[in-house]
Amino acid sequence: MSNLLRKPQDVVKSEGVTIVHDITGERSNLEYVGFKVVDLEKGSLYRGQLDNLECCIVALTGKVDINVEEETFENLGTRDSVFERKPTDSVYVSNDRSFQVKAITGARVALCYSPSQEQLPTKLIKADSIEAEHRGKYNNQRKVHNILPDSDPSANSLLVVEVYTESGNWSSYPPHKHDQDNLPEESFLEETYYHEMDPQQGFVFQRVYTDDRSLDETMTAGNGDVVVVPKGYHPVGVPDGYTSYYLNVMAGPVRKWKFNNDEDHEWIVNRD
Ligand SMILES: O=C(O)C[C@@H](O)[C@H](O)C(=O)CO
């Protein structure tokens, strides 16, 4: 299996707490992005200590209370399934802080990490502050929730976004890349994709490739899989009959999302 495609690990950490994915440190092969998915049974507690990392906690499904040292944010989370297609609540936590996530109902949270030195305020990102953005046309349509975009200065490195792609459509398309630390032309951002499908037996195809094709892998991602994108173009194709959801985490040396499309496919965006 590709090293870029990560299947759910489902490691029980403590009573009621299951680590579905842990793509951090040596497990990630990435320098700037770390990612975890944690399942919590009702009443269970996950504790995190951030040293030189910042973290965006996304309440993917279910209801949680999140405590960050002296602050507590109660009753976060807006949906039982990501396919309710509505934004959810998140909390940004800066480096050198500790946090706790307590499950009020059964819940799944995403923990999105990046290295960070300069401490910033903790920030509650409420669902109702996120406007759905519609992108693309024809079979290239998708709906985007910008959770932590580069226009929001709340984080040092992290960018977080969730994307819905309906049946038979393509997203992260035409293929684009952001793997050169060469602003203003392009930024270097590593990226992870956490995928879900509706219905769950669905799948998507994701290709990760560079111009010189020294990296060129096409993967079949299933419900709950993560695809790691260290560099290169990374389009996603969704088969007929299935809806795709993914959560992207991006980070790099400069917190700017400046991408370039694959020139061969640039015409896709220029259609009338
Ligand atoms: O617009 C999309 O299709 C989503 C992508 O931009 C996705 O968030 C990504 O690839 C970011 O680099």
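Order of appearance sets the numbers: ligands from 1, and atoms from 1 within every ligand. By convention here, the first residue in the shown sequence is residue 1.
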Inter-residue atom distance Cys55.SG - Arg97.CZ, 0.5 Å rounding: 12.5 Å
Partners passing side-chain contact (heavy atoms from CB on, under 4.5 Å) against Thr78 (at least two apart in sequence or in another chain): Lys86, Thr88, Asp89, Ala127
For ligand 1, the residues whose heavy atoms come within less than 4.0 Å (ordered by chain, then number): Arg135, Arg142, Val161, Val163, Ser171, Ser172, His176, His178, Glu191, Tyr193, His234, Tyr246, Asn248, Met250, Trp257
Partners passing side-chain hydrogen bond (donor to acceptor under 3.5 Å, both in side chains) against Thr24 (at least two apart in sequence or in another chain): Asp22
Within 45° cone and under 6.0 Å: Lys123 NZ/CZ vs Tyr92 ring: no
Ring pair (Phe, Tyr, Trp, His ring centres under 6.0 Å) involving Tyr246 - partner list, sequence neighbours excluded: Tyr193, His195
Atom pair CG (Asn169) and CG (Asn139), whose distance is rounded to the nearest 0.5 Å: 5.0 Å
